[in-house]
Amino acid sequence: MAQISLTFPDGNKREYEQGVTPAAVAESISKSLSKKAISAMVDGQHWDLQWPIEQDAQIAINTLQDEAPALELIRHDLAHVMARAVQEIWPDTKVTIGPVTEHGWFYDFDRAEPFTPEDLGQIEAKMKDIINAREPVTTEIWERDRARAFYEENGEPYKVELVDRIPEGAPIRMYWHGGWQDLCRGPHLQHTGQLPADSFKLMGVSGAYWFGDVNRPMLQRVQGVAFRNRKDLQGYLNFLEEAAKRDHRKLGREMDLFHLQPEAPGQIFWHPNGWTIYTSLQDYMRRQQHRDGYVEVNTPQVVDRKLWEASGHWDNYQENMFIVEVDEEHAREKSINALKPMNCPCHVQIFNSGLKSYRDLPLRMAEFGSCNRYEPSGALHGIMRVRGFTQDDAHIFCTDDQIEAETKKFIEFLAGIYADLGFHNWTIKLSTRPEKRIGSEESWDRVEAALGDACKAAGYGFELQEGEGAFYGPKLEFTLTDAIGREWQCGTLQVDPNLPDRLDASYIGQDGEKHRPVMLHRAVLGSFERFIGILIEEHAGKLPFWLAPRQVVVASITSEADDYVHEVVAELKAAGVRAEADIRNEKINYKVREHSVGKVPVILAVGHREVEERTVTVRRLGEKQTKVAALAEITQELGVEATPPDLRG
RNA sequence: GCUGCUGUAGCUCAGAGGUAGAGCACUCCCUUGGUAAGGGAGAGGUCGAGAGUUCAAUUCUCUCCAGCAGCACCA
């Protein structure tokens, strides 16, 4: 029998027979290690304890102490244990796939009856039984035909399809958890007793298409979360609770920012407080754009279908557009229009009016463009995914040669704005050529490289999303994260040589000839609506002072201070601070509580003492400590804070 | 759009086949109180919309609308 040499993490080498399993290796080291072992890393690959090792390799035995492999195995084995539990309780359930997710796992089932919340409790109990039974996990590699026949006999059509999808040459691994069988690439634990029975929780049921395909049957997805110990699970559940408190929909109500109602699904009724945030942000963006060399324009909402046909939207985007038909009944002339879902075709119209010279490029044309898109009902989400929204949109008309410099300039522009708004964790994704595309390979090569190089030149890395670009060009996406970790695309930059072509945009070059410009579609915030939603969640409602809709409440402690309260409010307003008086007949405790809940950043309390000394007692949101300040001093201080970051001296 | 769940007062929620309840918020009165809810009284609801079953429906059934979770979508 041939020998192989295994190298351990401490550098020691030992000889073993070829085909030795990590289980045997662990056994050879110590009894206790062999018991604690859950899997191995073999040349950096996560390896099942039962898989043979055929050649010299680096090896490390994993135990529950090793977080990454431990979590993967716990979650993956729990997926199997759950599927087993479900099939034991409802034997006619068909199993499909059950992968590990960020915090746990899910398993998709095909079953006629829907799972109810009560069912989840039953499944959980059965899972605990299986864990306590310490069912051994075993594995074998089967021939394709045998596996196929096995699943056909067992009435598992989804598994048959999975067997068929396993690429030629890849092993078809069969796993058993006790008497229950599943097709799985592994690795898995030694036995179900290695699972922590108190550190997982089933989180719910939802629908999911088989292979994500709308045309395939909808399955029932049962999701769970799992950790190595009860404390981590509890920590995660606490995080979810905290996240729920930051939900922009909840804070929007509590802070009286906006509301939505059934008569206008996906469109926002902005209340005075919310609209104050919106306009403050918009004023700030307008100043930034002016500084960065943009011109601002405004274009029509309702546009004849002819333009959408020319731009290609009528053919490719119609189902997402609000179509407006005007008939002879009340208009004498019939016309078919669409609410604009984006601003680009209109911007090209402005570009096209009058001759443009190469000297005009790059031409940066911005619009706070109100757009309407008929988003699918299931996609709507608070103010983050809506049907009516305003983009901080701009199109940069430029030459091929200018793409990289313009992109770099844009990234720096965006980074400065995100920093001003308190965002420091955001990522760039570069989406490259999709399968269906137009344009030559050389031009894709050039433009993709330009975007990548621009990121590097601006000092940022990026994640590649291969094949995710638009059919006409690659794009950068700038992504922020909401309170519960969902990612939202906000900023974007897309290279588009197509639309200028379709709408016949041109400029006169140095050579006196007509040339096509390229368009860069770009946005920093994406939409004001989505961005404000994220802003609220990021700051848990405690917005930076200059954006806070209600900045200061001046609260009387006794009604004898009322006149002074009004005087303080007037001073603050004169200093550019959004201040209001609270002279209600309530105790100071009550007022402090109410305005704290309302996320007012500063409460100024005034009673006899303050009136006499011409001071105020300052209480900042989140701080228990108060301090006394002279009126003139605090007015000056808050006046500075109320100034947007770009206007401070 | 799909699967499942939900819809009762401004908000958070309880309730039951015989046309409704709590807390907070709101209005008024008492209280002028020093940093996260002082006390009392009052007002407020076509129980998401429509249809059906029933002597009787807010409660049961169906359809629609909206919301929530996930999937799909996201130029």
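The analysis underlying the following values was restricted to heavy atoms, covering all of them including side chains, and did not include hydrogens, waters or symmetry mates.
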Trainee: Under 4.0 Å, counting only non-hydrogen atoms across every strand here, what does H608(A) touch: a base, just sugar-phosphate, or nothing?
Mentor: base
Trainee: Is E610(A) touching bases, backbone alone, or none of the nucleic acid, heavy atoms closer than 4.0 Å?
Mentor: base
Trainee: Rounded to whole angstroms, how far apart are CD on E586(A) and P on rC29(B)?
Mentor: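 From E586(A) CD to rC29(B) P: 13 Å.
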Trainee: Need to verify one output field. Residue with the more 5' nearest nucleotide on RNA chain B, S559(A) or S596(A)?
Mentor: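 So the residue in question is S559(A).
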Trainee: rA69(B) pairs with which nucleotide, Watson-Crick or G-U wobble, both distances below 3.5 Å?
Mentor: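 Looking at the geometry, rA69(B) pairs with rU3(B).
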Trainee: Would you say K587(A) places a side-chain N or O within less than 4.0 Å of OP1 or OP2 belonging to rG34(B)?
Mentor: no
Trainee: Which is true for G204(A) with a 4.0 Å heavy-atom rule: it touches a base, it touches only sugar-phosphate, or it touches nothing?
Mentor: nothing
Trainee: Report the relative orientation of the aromatic rings in W426(A) and Y418(A); use parallel for angles under 30°, tilted for 30 to 60°, perpendicular for over 60°.
Mentor: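 Aromatic pair W426(A)/Y418(A) classed perpendicular.
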Trainee: At 4.0 Å (heavy atoms only), tell me whether K591(A) reaches a base, stays on the sugar-phosphate, or touches nothing.
Mentor: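 No contact at all - K591(A) keeps every heavy atom at 4.0 Å or more from the nucleic acid.
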Trainee: Step through it carefully: locate the ring centre of H271(A), locate the ring centre of F258(A), and say whether they are under 6.0 Å apart.
Mentor: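 Not under 6.0 Å, so no.
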Trainee: Tell me if the centroids of the rings in W90(A) and F109(A) come within less than 6.0 Å of each other.
Mentor: no
Trainee: Checking the side chain of Q220(A) only, and the main-chain atoms of F115(A) only, is there a donor and an acceptor separated by less than 3.5 Å?
Mentor: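 Such a contact is found between Q220(A) side chain and F115(A) backbone.
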Trainee: Grab the NE2-C1' distance between H259(A) and rG67(B) for me, whole Å please.
Mentor: 14 Å
Trainee: Quick one: does any side-chain atom of R246(A) pair with a main-chain N or O of A540(A) as donor and acceptor, under 3.5 Å?
Mentor: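 It does not hold such a pair.
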Trainee: Sort out the partner of rC74(B) for me: Watson-Crick or G-U wobble, both distances under 3.5 Å, none otherwise.
Mentor: none
Trainee: To the side chain of R249(A), which of rA69(B), rC73(B), rA75(B) is closest?
Mentor: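 Per side-chain heavy atoms of R249(A), the pick is rA69(B).
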Trainee: Protein within reach of the bases, or only the backbone? For nucleotides 1-7 of chain B, mark each nucleotide 5' to 3' as B, S or -, using heavy atoms under 4.0 Å.
Mentor: BBBS---
Trainee: Is a donor-acceptor contact shorter than 3.5 angstrom present between the side chain of T626(A) and the base of rG34(B)?
Mentor: no
Trainee: Remember a base hit wins even if backbone is also touched, and classify R619(A) as base, sugar-phosphate or nothing at under 4.0 Å, heavy atoms.
Mentor: base
Trainee: Tell me what R373(A) touches on the nucleic acid: a base, only sugar-phosphate, or nothing, going by heavy atoms under 4.0 Å.
Mentor: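 Touches sugar-phosphate only.
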Trainee: Both distances below 3.5 Å, Watson-Crick or wobble geometry, any strand: find the nucleotide opposite rA36(B).
Mentor: none
Trainee: Counting just side-chain N and O atoms, does R221(A) come under 4.0 Å of either OP1 or OP2 of rA69(B)?
Mentor: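 Answer no for this pair, as no side-chain N or O of R221(A) is under 4.0 Å from OP1 or OP2.
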Trainee: May I ask you to say what R609(A) touches in the nucleic acid, namely base, sugar-phosphate or nothing, with a heavy-atom cut-off under 4.0 Å?
Mentor: base
Trainee: May I ask you to list the residues of residues 262-277 of chain A, by number, that have any heavy atom positioned under 4.0 Å from an atom of RNA chain B?
Mentor: P262(A), P265(A)
Trainee: Without hydrogens or angle criteria, can the side chains of S431(A) and E468(A) be said to hold a donor-acceptor pair below 3.5 Å?
Mentor: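 Side-chain D/A pair, S431(A) to E468(A): absent.
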Trainee: Answer yes or no: does a side-chain N or O of H381(A) lie under 4.0 Å from OP1 or OP2 of rA69(B)?
Mentor: yes
Trainee: Roughly how many Å is it from OH in Y107(A) to C1' in rC71(B), rounded to a whole number?
Mentor: 18 Å
Trainee: Between the base of rC73(B) and the side chain of R385(A), is there any donor-acceptor pair under 3.5 Å?
Mentor: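 Looking at the base of rC73(B), it does pair with a donor or acceptor on the side chain of R385(A) (distance under 3.5 Å).
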Trainee: When you check the phosphate oxygens OP1 and OP2 of rA36(B), does a side-chain N or O of K624(A) lie under 4.0 Å from one of them?
Mentor: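 Yes, such a contact exists.
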Trainee: Scan every strand shown for a Watson-Crick or G-U wobble partner of rA49(B), both distances under 3.5 Å, and answer none if you come up empty.
Mentor: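 Its partner is rU63(B).
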Trainee: Is it the case that the side chains of T299(A) and E367(A) hold a donor-acceptor pair, with the cut-off being a distance below 3.5 Å and no angle test?
Mentor: yes
Trainee: Between the base of rG67(B) and the side chain of Q261(A), is one N or O donor paired with an acceptor at under 3.5 angstrom?
Mentor: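 It does not, because no donor-acceptor pair links the side chain of Q261(A) to the base of rG67(B) below 3.5 Å.
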Trainee: Can you tell me the base-pairing partner of rU12(B)? Count Watson-Crick or G-U wobble geometry only, both distances below 3.5 Å, and say none if there is no partner.
Mentor: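 Base-paired to rA22(B).
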Trainee: Scan A605(A) against the nucleic acid and name what it touches under 4.0 Å (heavy atoms): base, sugar-phosphate only, or nothing.
Mentor: base
Trainee: For the aromatic rings, using the six-membered ring if either is Trp, is the centroid distance between Y236(A) and F227(A) under 6.0 Å?
Mentor: yes
Trainee: Checking base pairs now: Watson-Crick or wobble, both atom distances under 3.5 Å. What partners rA57(B)?
Mentor: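 When the pairing criteria are applied, nothing turns out to pair with rA57(B), so the answer is none.
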